[in-house]
Amino acid sequence: MHRASKVVSVPTFNDVSHDHVLQAIAEYDERGADDFLEHYGFGSVREHLLWHEEKSYDAKAILGVAHQYATGDLAGSDEVRGGEDGAAKTLREIGFDVSADEAIDPDAPAAKAWRDISEVGVDAAHTEWAEAAREVLLVTASRYHAVISSKEVATEVQERTGIRTKQLMHHWIGSVLGKVSATCAANDEPLLPSLCVNTAGSVGDAYAVAVGAATGEKPDDGDDHAAQERLKCYRHFGANDLPSDGGVPALTRKLAATRGRARQTLAAERPVPLCPTCHTQVPGTGICDFCD
């Protein structure tokens, strides 16, 4: 007698939207990584990382929980494919930045004499990382309108110093860049951390805080301030392709596009002023052409 094989329905994730993923990310932040992964039955292996607002998340776990927000059914660990053609591809298609985990594996055979942050101490490690970050940012400043991602800086400072950590980047990169800002301010230099941006092309909220700590004055708009500081960096540190007119300050292309779309949406939603008498649109003068 042959037993009928069980038919397993594999999720397609077609119903998962950008907003469903944001809901999963919000829950991840609220619960914390360990509780989130344990609650939904996902392991701690982070084959691919989803990046959002300078934080990284397990791409498979986020997609599986986003499927629950979309359909009511959790897509478990064994139902979410890994690799470049799995969760990473799906999340990229709906507008998220996903990359292979390039973090240094503490258990990998050492190619050089690595030191763990626990051996060095947090303060000492952050100081060494800040010195390395300054050098990385000086290279970035040598190219007009160049920027570098927080993820790239985090990877590079660990490589240059030989000090590694299992802690997620967003827990410590702000402290490191804050030390770089303090050094720049002490040297009467433009702030090199203005060159470091997140996946949205923004310097993030931590930048304005670091500026306030370094200079005593916190800017109202960190990205506008950073645009001005970046231009000062290109000029001060001698960018090799600086225009003859000295260049202009600029937001990153990604952030400028985002802000442009936001302005268009706001303009479209703004109510049209109507004359209370004849109900026609009132021109910019504020005086109705028909009822004056």
Side-chain angles (χ1 to χ4, degrees), residues 51 53-55 97 102 122-163 169-260:
W51 292 86
E53 295 183 350
E54 295 189 294
K55 296 181 181 180
D97 178 20
E102 297 174 355
V122 172
D123 290 340
H126 286 195
T127 297
E128 288 197 44
W129 284 340
E131 293 172 357
R134 175 181 169 83
E135 296 304 314
V136 172
L137 292 170
L138 283 171
V139 173
T140 306
S142 68
R143 293 174 288 117
Y144 179 55
H145 278 177
V147 293
I148 186 171
S149 73
S150 304
K151 180 171 59 175
E152 290 172 318
V153 172
T155 300
E156 187 66 21
V157 299
Q158 291 182 79
E159 288 284 354
R160 289 188 179 216
T161 62
I163 302 173
M169 175 198 71
H170 67 265
H171 290 302
W172 56 267
I173 193 66
S175 170
V176 170
L177 294 176
K179 289 180 179 293
V180 178
S181 291
T183 299
C184 290
N187 294 342
D188 196 25
E189 298 170 338
L191 302 180
L192 285 164
S194 62
L195 300 162
C196 184
V197 300
N198 59 25
T199 55
S202 168
V203 289
D205 295 336
Y207 172 80
V209 175
V211 172
T215 67
E217 186 174 350
K218 182 180 177 181
D220 294 329
D221 188 312
D223 283 298
D224 284 343
H225 182 279
Q228 298 287 341
E229 285 297 307
R230 284 195 289 269
L231 179 58
K232 294 176 184 177
C233 285
Y234 304 135
R235 291 173 175 174
H236 183 85
F237 297 109
N240 54 28
D241 53 351
L242 194 68
S244 58
D245 63 1
V248 294
L251 299 175
T252 63
R253 290 183 179 179
K254 191 169 186 178
L255 182 60
T258 300
R259 288 193 174 184

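Predicted, not measured: the structure shown is a model, and the values here were computed from it.
For the pair Q158 (side chain) and A154 (backbone), a donor-acceptor distance under 3.5 Å is present. Side-chain atoms of R235 come within 3.5 Å of backbone N or O of G246 as a donor-acceptor pair. Put simply, the side chain of W51 never gets that close to the backbone of N198: no donor and acceptor are under 3.5 Å apart. Put simply, the side chain of R230 gets close to the backbone of S194: a donor and an acceptor are under 3.5 Å apart.
The 12-atom threshold is not exceeded at CG of D123, counting heavy atoms of other residues, nucleotides or ligands nearer than 6.0 Å. The environment of N187 atom CG is dense: over 12 non-hydrogen atoms of other residues, nucleotides or ligands sit within 6.0 angstrom.
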With a cut-off of 3.5 Å and sequence neighbours excluded, list every side-chain donor-acceptor pair involving residues 247-254.
from: T252; atom 1: OG1; to: G201; atom 2: O; distance (Å): 2.7
from: T252; atom 1: OG1; to: L255; atom 2: N; distance (Å): 3.3
from: K254; atom 1: NZ; to: T199; atom 2: O; distance (Å): 2.6

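The closest side-chain heavy-atom distance from I148 to V197 is not below 4.5 Å. Taking the side chain as every heavy atom from C-beta outward, Y207 and L191 approach each other to under 4.5 Å. Taking 4.5 Å as the limit, every side-chain heavy atom of V139 sits out of range of all side-chain heavy atoms of E135. Side-chain contact between W129 and L177 is absent, with no heavy-atom pair separated by less than 4.5 Å. Within the 4.5 Å cutoff, the side chain of T183 has no heavy atoms near those of the L192 side chain.
Atom SG of C233 sits about 4.5 Å away from atom CG of L195, to the nearest 0.5 Å. Interatomic distance, CD of E229 versus OG1 of T215, reported as 8.5 Å (0.5 Å rounding).
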CA sep, side-chain torsions, deciding dist, call: R134, C184, side-chain contact (heavy atoms from CB on, under 4.5 Å): CA-CA 9 Å; R134 175 181 169 83; C184 290; 3.9 Å; yes
Take V211 and K218 through the side-chain contact (heavy atoms from CB on, under 4.5 Å) test and state the conclusion after the steps. CA-CA 6 Å; V211 172; K218 182 180 177 181; over 6 Å; no
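Considering all non-hydrogen atoms of both residues, S181 and A210 come closest at OG-CB, 4.2 Å. The heavy-atom pair separating V176 from A133 by the smallest distance is CG1-CB, 4.1 Å. Shortest non-hydrogen contact noted between V153 and C196 is CG2-SG, 3.9 Å.
Checked against ring-ring contact (aromatic ring centres under 6.0 Å, His included), H145 has no partners two or more places apart in sequence or in another chain. Here S142 pairs with nothing under the side chain to side chain donor-acceptor pair (under 3.5 Å) rule; sequence neighbours left out. Remark: S175 pairs with H126 by the side chain to side chain donor-acceptor pair (under 3.5 Å) rule, at least two apart or across chains. In this structure, the salt bridge (Lys or Arg N to Asp or Glu O under 4.0 Å) partners of D221, at least two apart in sequence or on a different chain, are R259.
Of the N and O atoms on the side chains of S149 and E152, at least one donor lies less than 3.5 Å from an acceptor on the other residue.
Within the structure, the ring-ring contact (aromatic ring centres under 6.0 Å, His included) test picks out the following pairs touching residues 227-247 (sequence neighbours left out): Y144-Y234.
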